[in-house]
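What follows is a set of notes on a single structure, which appears directly below.
Just follow the structure's listing: the first ligand is 1, and inside any ligand the first atom is 1. Please read all numbers here as calculations on a predicted model, not as lab measurements. Numbering of residues begins at 1 and proceeds along the displayed sequence.
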Amino acid sequence: MNIIIATHNQGKVREMNFLFKEFIPQTYNINLLSLNDNNYSCIPEIVEDGNSFKANAIKKATLTANYTEQIVIADDSGLVVDALNGEPGIFSSRYAGENATDEGNIEKLLEKLNNVPKDFRTAHFVCVIAIAAPDNLIGTFEGKCYGMIGTEIKGNNGFGYDPVFIRTDSGKTFAELPHDVKNKISHRARAFEKASATIEKYIK
Ligand code: IMP
């Protein structure tokens with residue numbers, strides 16, 4: 001059976017593949033596809049105009065399920081920085097502008113936090129996973145992961161803000177941690193773990 005991950009973001013696709021292997025028994029014969037797959041490249045860009053992670057996740061999941069007529073998992077996620085009153089939040093992917101790169105977003109974030117001392121650089125990632133079938137929102141699941149924003153980029157793994165997001169327990173950025181370590185503690189892993197029983201119910 002096909003399940004579509006409603007994203008073009010290769011970082012998210014990689015992590016979702018890992019999480020499926022981690023939380024869903026391999027006995028199920030699932031073909032995990034994304035919007036980068038040839039069959040779905042014609043799907044129009046979904047405008048993320050909701051005012052919360054949950055609203056955007058629901059919109060991405062339900063519209064994609066209606067277009068593809070398949071079960072869809074959508075992830076809306078982002079970084080919430082306390083000293084910036086929650087920025088970049090739902091604008092995380094386009095913080096530095098409409099066609100922003102990960103590097104551009106990080107540069108803007110570090111600039112804005114330039115004069116903020118270490119103890120006040122607290123932040124967390126949020127991930128809301130929405131699951132939908134055609135004409136049917138099945139459920140939403142939220143996960144969070146807490147840490148600090150560093151003053152320089154460190155590490156080559158992961159994507160997005162990973163090179164500046166430091167977990168206080170290890171002192172390492174998400175980009176310095178091996179993939180399997182990030183994928184056990186991340187906001188996405190926590191949301192996926194909550195979603196896994198529901199996903200299993202629909203693929204049995
Ligand atoms: P979305 O596609 O609107 O959900 O945008 C998510 C954005 O949040 C990404 O483009 C990243 O900038 C950021 N983000 C979400 N999850 C992560 C993560 O696990 N690591 C680093 N950045 C993330």
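- Closest heavy-atom approach to atom 14 (N) of ligand 1 among the candidates Phe125, Phe53, Tyr95: Phe125.
- At a 4.0 Å cut-off, not a single heavy atom of Ser186 sits close enough to ligand 1 to count as contact.
- Taking only non-hydrogen atoms, the option from Lys182, Glu48, Glu15 nearest to atom 19 (O) of ligand 1 is Lys182.
- Among protein heavy atoms, atom 4 (O) of ligand 1 sits closest to Lys12 NZ, 2.7 Å.
- Between Asp102 and ligand 1, not a single N/O pair is under 3.5 Å apart.
- For Phe159, heavy-atom contacts with ligand 1 shorter than 4.0 Å involve the backbone as well as the side chain.
- Distances below 4.0 Å separate heavy atoms of Ser93 from the following atoms of ligand 1: 3 (O), 5 (O), 7 (C), 10 (O).
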Expected list for residues 37-46: side-chain donor-acceptor pairs under 3.5 angstrom, two or more places apart:
| from | atom 1 | to | atom 2 | distance (Å) |
| --- | --- | --- | --- | --- |
| Asp37 | OD2 | Asn39 | N | 3.1 |
| Ser41 | OG | Asn38 | O | 2.9 |

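- Within the 4.5 Å cutoff, no side-chain heavy atoms of Thr151 are placed close to those of Leu110.
- Under a 4.0 Å heavy-atom criterion, Asp75 is in contact with ligand 1.
- Surrounding CD of Glu200 are more than 12 heavy atoms belonging to other residues, nucleotides or ligands, all under 6.0 Å away.
- At a 4.0 Å cut-off, not a single heavy atom of His8 sits close enough to ligand 1 to count as contact.
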What side-chain donor-acceptor pairs closer than 3.5 Å can you find for residues 72-98, not counting sequence neighbours?
| from | atom 1 | to | atom 2 | distance (Å) |
| --- | --- | --- | --- | --- |
| Asp75 | OD1 | Lys12 | NZ | 3.0 |
| Asp75 | OD1 | Ser77 | OG | 2.9 |
| Asp75 | OD2 | Arg188 | NE | 2.4 |
| Asp75 | OD2 | Arg188 | NH2 | 3.3 |
| Asp76 | OD1 | Lys60 | NZ | 2.8 |
| Ser77 | OG | Arg188 | NH2 | 3.1 |
| Asp82 | OD2 | Thr122 | OG1 | 2.6 |
| Glu87 | OE1 | Tyr95 | OH | 2.5 |
| Glu87 | OE1 | Lys112 | NZ | 3.2 |
| Ser92 | OG | Leu79 | N | 2.9 |
| Ser92 | OG | Gly89 | O | 2.6 |
| Arg94 | NH2 | Glu48 | O | 3.1 |

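- Less than 6.0 angstrom separates the ring centroid of Phe20 from the ring centroid of Phe192.
- Residue contact annotation: Asp162 has a non-hydrogen atom under 4.0 Å from ligand 1.
- Residue contacts with ligand 1: Asp76 is included, with a non-hydrogen atom under 4.0 Å away.
- Under a 3.5 Å cut-off, the side chain of Asn66 and the backbone N or O of Asp135 do form a donor-acceptor pair.
- Remark: side-chain polar atoms of Asn157 are not paired, donor with acceptor, to backbone N or O of His179 under 3.5 angstrom.
- Of the candidates Gly11, Cys127, Ser77, Ser77 brings a heavy atom nearest to atom 15 (C) of ligand 1.
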